[in-house]
2 protein chains.
Amino acid sequence: MSAGQFQLGPSSLTDALYESVRSRIISGDIAPGEKLTEQRIADDYRVARPTAKACLERLTALGLLRRSAHKTAVVPELDEVDITDLFFTREMFECTAADRLAQARTVPEAARKAQTAIESAVRAKAFDDQVVADIEFHWALINAVDSPRLSRVYEMVSGEVHLTMGQFKAHRRTAPSTVAAEHALILKAIEDGDRAAAREQMAHHLQQARDRVLAQVVASREEAPA
Amino acid sequence: MSAGQFQLGPSSLTDALYESVRSRIISGDIAPGEKLTEQRIADDYRVARPTAKACLERLTALGLLRRSAHKTAVVPELDEVDITDLFFTREMFECTAADRLAQARTVPEAARKAQTAIESAVRAKAFDDQVVADIEFHWALINAVDSPRLSRVYEMVSGEVHLTMGQFKAHRRTAPSTVAAEHALILKAIEDGDRAAAREQMAHHLQQARDRVLAQVVASREEAPA
DNA sequence: CTCGTCTCATCGTCAGACAATCTCCCGAGG
DNA sequence: CCTCGGGAGATTGTCTGACGATGAGACGAG
């Protein structure tokens, strides 16, 4: 009985559950501030509570949920301090990656593909697609470094990056297609093998992105002072 | 009955279990290559298997264990590729931290304390203490940046750093007290607010450390060709 | 209106069970 | 003698069901 324990899928049930909950959080289907009990997951997905528990623990480790002992997990709402810290950490990762790639003059194919995807999403005014492609672009650079540990630790901030994007895309009014231009500069620097420029363009891009996000946080707070 | 479920300690049983197993792996009490079944943990510590399982999963996430689906977890033996990658990642973290601290001209007190601890351990020829203090030194710099995310992700490599130290300290024959001297240069650069120098000294120190570890790996392999 | 207590929701952990999967040894065949 | 396939045991993934502990909010006393 009990719909559980088919593991026909490519990965185990646990992984599928994790992926599903993760995407629901990232997409905003489960809104920031919303509580997520173990029982709710268990009921929603017809799994046992321990399975749901493990899933919540994984998400907590990635920063997609926050909880302390005996308290219910909630989807965090990132404030200015969180966002500043998050982008600081991103900058460390991504500037290092840009430097490395410039050193090797390796422009990953995946990054180019993501770049064209961004451009077409901008033309189509498909903001969601643009966000997805943007994240893919950054992931492509990280993965191209070919350092398992770098990719592993980047995953720990990637979830929160998604959160910032999803959290505020509803409020988005300016649609800066400058993102694509900034990406192009980064790729150019990598192509030229100019390490310093690659670092700098990446840092600049991330600071711009951070400021855009911060501006939205402030704006959304002012229009909804709780 | 069943000795479990007293949670007198400061943290929960799960945390205590995790800490204990972690320290046993790091100290080499559980040797690299050794298999660690869920049942063994459960028996050793008189906890239920699910509790042991959760513990192993946490350690796996930190790189202190390796496992794939349906296979028994083992303490990894880091090879040259792993160590190179690990130090590359460390360099990213720690150079960023050194840069930041130099920018603020903040020399953390904890780092100074660790530094004197290293010196006295060197004088006492207490190699184990030296390793512990060395790790504390590096942690102190990371934590002084006061970035929750930086500290969180550093934890993901810190475990493996411990492993490299513990894994090879048995084979150690040269006792390079140059470590303390290199640390002093880093602190000096931070004190002077010289960001470039801080980065460079840190990078240099880590490259030295990496080469020392790599040399030991090669040496230990040659003397024990399995 | 404030404060302490009490109940309920939720979590941490346990025990025991079953199916799926992996490992390893051992015998059949070349 | 070596290689290869098959089965028994070991190990994991997940389930069900249960108990005590902890935290949060309601409810009544002062």
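Values below: all heavy atoms of this structure, side chains included; hydrogens, waters and symmetry mates excluded. In the text below, chain A, chain B and the rest are named by the order of the sequence lines, each starting its count at 1. What you see is a predicted model, and the numbers here were worked out from it, not measured in a lab.
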Residues two or more places apart in sequence or in another chain: which of them pass side-chain hydrogen bond (donor to acceptor under 3.5 Å, both in side chains) with N143(A)? S151(A)
Which whole-number value in Å describes the distance from R67(A) CZ to dA24(D) C1'? 16 Å
Five-pair end axes of the helix from dC1(C)-dG30(D) to dG30(C)-dC1(D), angle between them (10°): 10°
Under the side-chain hydrogen bond (donor to acceptor under 3.5 Å, both in side chains) test, residues paired with Q39(A) that sit two or more places apart: D43(A)
Between P on dG16(C) and CD on Q39(B), what's the gap in Å once rounded to a whole number? 12 Å
How close or far is atom P of dG16(C) from atom CG of D43(B), stated in whole angstroms? 13 Å
Near-strand residues of residues 47-58 of chain B, defined as heavy-atom separation under 4.0 angstrom from DNA chain C: V47(B), A48(B), R49(B), T51(B)
Rounded to whole Å, OH of Y18(A) lies from P of dT14(D) at a distance of 15 Å
Which side-chain N or O atoms in residues 131-140 of chain A pair as donor and acceptor under 3.5 Å with protein atoms at least two apart or in another chain?
| residue | atom | partner | partner atom | Å |
| --- | --- | --- | --- | --- |
| D134(A) | OD1 | H183(A) | NE2 | 3.2 |
| H138(A) | ND1 | E94(A) | OE1 | 2.4 |
| H138(A) | NE2 | H183(A) | NE2 | 3.4 |
| H138(A) | NE2 | H205(A) | NE2 | 3.3 |
| W139(A) | NE1 | S158(A) | OG | 3.0 |

Integer-rounded Å distance: dT22(D) C1' and E38(A) CD: 13 Å
Residues two or more places apart in sequence or in another chain: which of them pass salt bridge (Lys or Arg N to Asp or Glu O under 4.0 Å) with R149(B)? D82(A), D85(A), E160(A)
Here the ring pair (Phe, Tyr, Trp, His ring centres under 6.0 Å) pairs for residues 29-56 of chain B, sequence neighbours left out, are none
For D29(B), which residues count as a salt bridge (Lys or Arg N to Asp or Glu O under 4.0 Å) partner, sequence neighbours excluded? R24(B)
Between dT13(C) atom P and I41(B) atom CD1, what is the distance in whole Å? 15 Å
Presence of T14(A) side-chain N/O under 4.0 Å of dT14(D) phosphate oxygens OP1/OP2: yes
Roughly how many Å is it from CG in L36(B) to C1' in dT12(D), rounded to a whole number? 14 Å
Given atom CG of L65(A) and atom C1' of dC11(C), what is their separation to the nearest angstrom? 15 Å
For the pair K53(A) and E57(A), find out whether any cationic side-chain nitrogen is under 4.0 Å from an anionic carboxylate oxygen. yes
Which value, rounded to the nearest 0.5 Å, describes the distance between D129(B) atom CG and I118(B) atom CD1? 11.0 Å
Can you list the residues that meet the salt bridge (Lys or Arg N to Asp or Glu O under 4.0 Å) rule with E19(B), with sequence neighbours excluded? none
Which pairs, protein N/O on one side and nucleotides 23-25 of chain C N/O on the other, fall under 3.5 Å?
none

Listed partners of E77(A) passing salt bridge (Lys or Arg N to Asp or Glu O under 4.0 Å), at least two apart: none
In chain order, what residues pass the side-chain hydrogen bond (donor to acceptor under 3.5 Å, both in side chains) check against Q103(B), with sequence neighbours excluded? none
